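Here is the structure we will look at, set down as structure tokens.
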Number of protein chains: 2
Amino acid sequence: MYRISEFAAMTGLTKETLRYYAEIKLLEPAYIHPTNHYRYYDDGSFFLADLLVKLRCLGFSIQEMVTVMEDESFENLEALLVEKKNNLQEQMDRLQMKINEIDDFLASGKEEG
Amino acid sequence: MYRISEFAAMTGLTKETLRYYAEIKLLEPAYIHPTNHYRYYDDGSFFLADLLVKLRCLGFSIQEMVTVMEDESFENLEALLVEKKNNLQEQMDRLQMKINEIDDFLASGKEEG
DNA sequence: ATAAACCGTGTGGTGCACTGCACAGTCAAA
DNA sequence: TTTGACTGTGCAGTGCACCACACGGTTTAT
């Protein structure tokens with residue numbers, strides 16, 4: 001069982017983020033001391049926190065991560081990953097369109113100037 | 001000279017956005033009535049507003065647009081567009097990396113499952 | 001026993017780019 | 001002249017994902 005600071009160091013999340021994740025029930029401590037309310041995390045918590053860090057890095061929003069965590073068997077995870085991938089692909093397409101627009105903009109500027 | 005609602009309809013910006021842009025001196029009305037403080041816009045305003053809409057669509061932040069507008073001759077515009085294009089390219093690269101990570105994630109999941 | 005380090009709660013702040021609302025003055029048409 | 005549409009100001013709120021801080025209790029090491 002790890003206390004919040006130790007667990008923060010293990011996961012790369014800050015203490016504040018861990019408290020926040022507990023508050024919104026995204027990642028609840030494995031155990032909370034009944035009198036002093038200290039949060040304790042275990043190796044199961046670590047597995048989940050590690051997954052959250054990965055998902056966050058992939059661009060998952062808090063709400064999407066909540067959806068992932070709500071399904072303890074993670075059966076939805078693959079579908080959500082595929083969905084996120086499509087999402088990212090659309091973002092890329094939009095960025096490419098903007099780059100093309102800038103190129104047009106620059107080209108038209110050169111003709112006039 | 002156009003009043004704010006008419007100008008909003010012309011540009012596609014909302015009245016509130018126009019007031020906000022005036023407040024932060026991104027796009028100031030061509031004329032402000034001295035007693036009732038009504039904002040009036042003209043065709044020069046329209047040219048600028050149209051540019052702002054395009055830049056916003058390209059992903060320019062307010063601060064970047066302010067930088068563009070500060071230079072009335074728009075001599076910096078081309079350099080800023082090139083910079084923004086590189087910026088967008090980097091964003092695309094990061095997105096591609098995330099897509100690759102998801103593919104790895106999905107592939108590793110298939111092996112184990 | 002005491003000091004340092006740690007933990008809790010609660011609340012407010014951050015940055016971005018607006019949006020919404022209340023209240024009040026103003027203008028245009030009938 | 002009255003009604004309704006329009007405009008102004010000022011300020012609070014939005015969503016996201018936290019961060020910072022004050023204040024006070026707890027634990028750990030010396």
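Basis for what follows: all heavy atoms, side chains included, without hydrogens, waters or symmetry-related copies. Treat the numbers as computed from the prediction; the structure is a model and nothing was measured. To find a chain, count down the sequence lines: A is the first, B the second, and so on, and within it residues start at 1.
Residue T14(B) has no polar side-chain atom (N or O) positioned under 4.0 Å from OP1 or OP2 of dC18(C). For the OP1/OP2 pair of dA17(C) and a distance below 4.0 Å, the side-chain nitrogens and oxygens of R56(B) include no atom meeting the criterion. S61(B) has no side-chain polar atom (N or O) that falls below the 4.0 Å cut-off from OP1 or OP2 of dC16(C).
K15(A) NZ: 12 or fewer foreign heavy atoms inside a 6.0 Å radius.
Residue R39(B) is classed as a sugar-phosphate contact, given heavy-atom separations below 4.0 Å to backbone atoms only.
The shortest side-chain heavy-atom distance between Y41(A) and M1(A) does not fall under the 4.5 Å cut-off.
Distance OH (Y31(A)) to C1' (dC7(C)): 15 Å, rounded to an integer number of Å. Protein atom CD of E23(A) is 13 Å distant from nucleotide atom C1' of dG8(C), rounded to whole Å. One interatomic measurement links the two molecules: CG of N36(B) to C1' of dC27(C), which rounds to 9 Å at whole-angstrom precision. Taking atom NZ of K15(B) as the reference point, atom P of dC18(C) lies 17 Å away to the nearest angstrom. Atom CD in E16(B) sits roughly 14 Å away from atom P in dA22(C) (whole-Å rounding).
Note: L81(B) CG to E64(B) CD = 10.5 Å, rounded to the nearest 0.5 Å.
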Using a 3.5 Å cut-off and no angle test, enumerate the donor-acceptor pairs between side-chain atoms of residues 43-54 of chain A and protein atoms at least two apart in sequence or in another chain.
from	atom 1	to	atom 2	distance (Å)
D43(A)	OD1	Y2(A)	OH	2.6
S45(A)	OG	D42(A)	N	3.1
S45(A)	OG	D42(A)	OD1	2.9
D50(A)	OD2	K54(A)	NZ	2.8

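Here the range on DNA chain D touched by chain A, meaning any atom under 4.0 Å from one of its heavy atoms, is dA17(D) to dT28(D).
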